Amino acid sequence: MTLPAVAKIPYGGDYNPEQWPEEVWKDDYRLFELARIDTVTLGVFVWAQTQPSPDVYDFSTLDRAVERAVAEGRQICLATGTAAHPAWLARVHPDVTRVDFEGRRRRFGQRHNSCPSSPAYRRFSTELARRVAQRYAATPGLVAWHVNNEYGGACYCGLCAANFRVWLRQRYGSLDALNQAWYTTFWSHTFTEWAQIEPPSALTEHWRGPDHTAFQGITLDYLRFMSEAMLTNFVDEKAAIREFSRDVPVTTNFMGMYRPIDYHRWAEHLDFASWDNYPPDDRSAARMAFTHDLIRGLKGGQPFWLMEQTPSYTASRDVNPLKRPGLMRLWSWQAVAHGADAVLFFQMRAGRGACEKYHGAVIGHAGRSDTRVFREVTELGAELDRLGGATLGARTPARVAILFDWDSWWALEISDGPSRLVRYQQVVLAYHRALWDAGVDVDAVPVTADLSGYDVVVAPALHMIKADLAARLEEVAQRGGTVLGTYLSGRVDQNDQVFLADVPGPLAPLMGIRIDEWDARGADVVNPVTLAADGARSLVCAATLLFELVVPAGAEVVGRYQADFYAGTPAVTRHRFGAGEGWYVATGLDQAGVSWVVRRILDRHGLLGPYAHVPDLESAVRVAPDGTRLRFLLNHGEEPVELPASAAGVDLLTGVRVAAGAPLRLDRYGVLVLREES
Ligand code: GLA
Ligand code: ZN
């Protein structure tokens, strides 16, 4: 079982009728009809209603909400409702609340805050999921199960400590092995009993917050453990659902690049992936593209659901900008272009109280249908109707992969030295952005992914090298592909212990270089780098933050530092390896520099997109199961653009036929979905 069985892209989102009297529901559906909203996510935060006390279940309100949705012919994504535990549960079983990083036992309040190890939480949440599944499994129009909501955070309680020790025993088998993995001869930390091991927190190994730890080994393992502890909660609920519902796919909504949870380790347990897209600002088109690619990569390229986005503004930030006219549409289509087979909002009707009362909604507080936001939602609904099932199951034909690795992310950012200023996401995003600007389809994949189908593999800040990864990267180059690595790669093994070898460790043979020293400087220190290769126009760009001093060992020099005592030495290298190449960028090049390097590589493989020279113009391709090619063109710029059609085809949003090379016009924030003819 994979994706929900639907005939077109589901459109709608989180709907909380329990917050409203039933007269309002009638109006909701009248408006849903206008906006062609066909799917509602129900029951995300109704635990206190469905189980008002330990022994009482009362599904009457949820029953009515579900019955109404069915009567109105809507599809339902049904939540288990376990993301906000009720007040009575925290009172009867105080261990369901978490202990925070500072060691304080929390009391009842907020949400997304249950201790994943609490037997009471596990028992009650699983039982609730079971009852919800039993009651609603046969509901007509039920297309997906939505377990919990945005799993995250961490707990440092005694139950988690005890489970951590069990997890460690399973992982290491003996204290000897654990002591070695954590390098405990340092600072007299040798453990002689499992009971001595404490969760790494402000009370133990940390100072100045979760990123400053005396022992990376224990902190890394606690991150891994916590991610798995919450996964256990998901798996428990899913198993309970499966007792009564065998064919309806199960998901939980992820948060994109969310550091605390290793989504790659979770992915195999989900039937399909979904995520909530709340970009930090309206200049994040490339970042959103990457995040969609990352989520699509969780299930081997299978389409995912955009489970939430705001139609207008969020409420949780200090400053909550309004999506400009056209942006909600553009970003919805961007999600589809990158593999989303659902477009859902948070939320359908704006709540009138509590902390999300100013969060945008399809239906505002006044319940009007003549607002700009509602109109745009309606227009998008009509477009998605017109698109029908054209994208369902369609895949991205990527020849380029970018590696993303939670372990490397964690290891890099909890490290003392070389620099706290190097942030994993920023390095990854810079390289992805260069690919995105060049209009090339990219898969963002885990380090365990099969790399044999890619021409180019980009591995930014691949700090930790696990298992046979280096050998698999060598294979890519061996058969003619290109591998691009960057500074701070190939440094540590899975225990965060440094390789006793030349940097970049296991990547050194592929890169044909050796690094003996490196220099970290404040963000204001710029070392210019000149880039030149193969008749391409040379470039002087700025490099900052980290400067590795490269000694070529077979590689040719493509870029050189221009300043400091290492002026004239290599900053970017290229190494012929087998039939292919290993490129290494030893410093934090600015975006122009990163793009220059990335375009040289894409060029070598003939992979530059047809509109690589048009700024702010995004191009993405999906190939339907029947082989139909859909090209999405998205104008993120403020100005209209005109460009020649790269192939003949039909614009699926207007039905207009275009000839190859014919001029296409995209307005500001314009969208084109072209069904290409081969
Ligand atoms: C998250 C949650 C929702 C809601 C929105 C508001 O994504 O899943 O319940 O709080 O944020 O932006
Ligand atoms: Zn706990």
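Start at 1 and go down the list; that is how both ligands and their atoms are numbered. Just so we're clear, the structure is a prediction, and the values are computed from it rather than from any experiment.
If you look at ligand 1, the protein residues with a non-hydrogen atom under 4.0 Å away are Phe45, Arg111, Asn149, Glu150, Asn253, Asp276, Tyr278, Glu308, Phe346, Glu356, His359.
Pairs engaging residues 106-115 under the salt bridge (charged side-chain N to carboxylate O under 4.0 Å, His left out) rule: Asp100-Arg106, Arg111-Glu356 [sequence neighbours left out].
A distance of 7.0 Å separates CE in Met257 from CG in Leu294, rounded to the nearest 0.5 Å. For the atom pair CZ (Arg122) and OG (Ser117), the distance works out to 7.5 Å, reported to the nearest 0.5 Å.
Salt-bridge annotation for Lys323 and Glu376: absent, with no side-chain N of the basic residue lying under 4.0 Å from a carboxylate O of the acidic one. Between Arg259 and Asp211 there is a salt bridge, since a side-chain N of the basic residue sits under 4.0 Å from a carboxylate O of the acidic one.
Looking only at side-chain heavy atoms (C-beta outward), Pro10 and Trp305 come within less than 4.5 Å of each other. Between Gln334 and Phe632 there is no side-chain heavy-atom pair separated by less than 4.5 Å. Residues Val428 and Phe290 have side chains in contact (heavy-atom distance under 4.5 Å, counting atoms from C-beta outward).
In this structure Arg171 satisfies the side chain to side chain contact (heavy atoms under 4.5 Å, CB included) test together with Trp167, Asp221, Arg224, sequence neighbours excluded.
The Zn ion (ligand 2) has Cys115 SG, Cys155 SG, Cys157 SG, Cys160 SG as its protein N, O or S neighbours under 2.8 Å.
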